[in-house]
Amino acid sequence: MKAIKYIKSISLVILSAGILTTSAVCVEQVSAEPAAAPAVVQPAQGVAVTPLSIVNSPKTYLNKTVIMKAKFDKFSTLGLDYKPAFKSSDDYISFLIKRDDTTHNIPLSEMKLFLKRSEAEKFIDLKTDDEIEIKGTVFSDALGDAWVDVSELKVLKKAPEDKKKS
């Protein structure tokens, strides 16, 4: 009986010592001083992909920043004001790029690309076949299509001028 009381007493002492040690460690880690500011982290650059890979699997790229090269086709109103993936025609313009898996002149209508109107005004002189680089975030896969909010648009190479004379 005395042995059991002795073991209980020893266990209680060891348990108390463990609690005090843990408490002391916790108190040392808590401070009223503000933590040092974290180092500046550069935002993710994005994943370089082809437009067709996004169209073939929009769920894979959902909420990810993507970077792609394409040939500009034309400005459009395709997809604007569509409730499930809403982008207002008052604030945005959409544009189409060309499919790169054919030699025919076919727009990649399965990809909805949205650019703020204020930004689009800088690219009013874009012409069909101008080579561009698009950086944006795939924000929806409504209708099974890729819906991309374009954050940056760069002209890489202007298309040659058409030399047809009337």
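Placement of Leu113 and Leu80 in two distinct hydrophobic clusters is found when ILVMFWY residues are connected by side-chain heavy-atom separations under 4.5 Å, directly or transitively.
In this structure, the salt bridge (charged side-chain N to carboxylate O under 4.0 Å, His left out) partners of Lys122, at least two apart in sequence or on a different chain, are Glu119. Taking Thr60 as the reference, Ser57 meet the side-chain contact (heavy atoms from CB on, under 4.5 Å) condition, with sequence neighbours excluded. Partners of Asp129 according to the side chain to side chain donor-acceptor pair (under 3.5 Å) rule, which considers only residues two or more places apart in sequence or in another chain, are Lys98. Remark: Asp91 engages no residue in a side chain to side chain donor-acceptor pair (under 3.5 Å) (not counting sequence neighbours). By the side-chain contact (heavy atoms from CB on, under 4.5 Å) test, Asp100 pairs with Pro51, Leu52, sequence neighbours left out. With sequence neighbours left out, the side chain to side chain donor-acceptor pair (under 3.5 Å) criterion links Thr128 to no other residue.
The main-chain N or O of Ala142 is found under 3.5 Å from a side-chain atom of Trp147 such that the two form a donor-acceptor pair. Here the side chain of Arg117 pairs a donor or acceptor atom with the backbone of Tyr92 at under 3.5 angstrom.
The two residues Gly144 and Pro58 come nearest to each other via the heavy atoms O-CG, 3.6 Å. Residues Ala120 and Ile93 approach most closely at CB-CG2, 3.4 Å, considering heavy atoms. Of all non-hydrogen atoms in Pro107 and Leu96, the two that sit nearest each other are CB-CD1, 4.0 Å. The heavy-atom pair separating Val49 from Tyr61 by the smallest distance is CG1-CE2, 3.5 Å.
Residue pairs satisfying the salt bridge (charged side-chain N to carboxylate O under 4.0 Å, His left out) criterion with at least one member in residues 45-58, sequence neighbours excluded, are absent. Applying the side chain to side chain donor-acceptor pair (under 3.5 Å) test to every pair with at least one member in residues 107-116, sequence neighbours left out, gives these pairs: Arg99-Glu110, Lys112-Asp145. The side chain to side chain donor-acceptor pair (under 3.5 Å) analysis of residues 78-87, with sequence neighbours excluded, yields the pairs Asp81-Ser89, Lys87-Asp149.
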Which pairs would a plain distance check flag for residues 66-77, meaning a side-chain donor or acceptor within less than 3.5 Å of a matching protein atom at least two apart in sequence or in another chain?
| from | atom 1 | to | atom 2 | distance (Å) |
| --- | --- | --- | --- | --- |
| Ser76 | OG | Leu78 | N | 2.8 |

Tell me which donor-acceptor pairs under 3.5 Å the side chains of residues 151-159 have, and how far apart each pair is, sequence neighbours excluded?
| from | atom 1 | to | atom 2 | distance (Å) |
| --- | --- | --- | --- | --- |
| Ser151 | OG | Lys135 | O | 3.2 |
| Lys158 | NZ | Asp125 | O | 3.3 |
| Lys158 | NZ | Asp130 | OD2 | 2.9 |

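Residues Phe86 and Ser88 form a side-chain contact, since some pair of their non-hydrogen atoms from C-beta on lies under 4.5 Å apart. Within the 4.5 Å cutoff, the side chain of Val148 has no heavy atoms near those of the Thr137 side chain.
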ask   = Please walk me through it: do Phe114 and Phe139 pass side chain to side chain contact (heavy atoms under 4.5 Å, CB included)?
value = CA-CA 10 Å; Phe114 300 94; Phe139 69 92; 3.8 Å; yes

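For the atom pair CG of Leu115 and CD1 of Ile134, the computed distance is 9.5 Å after rounding to the nearest 0.5 Å.
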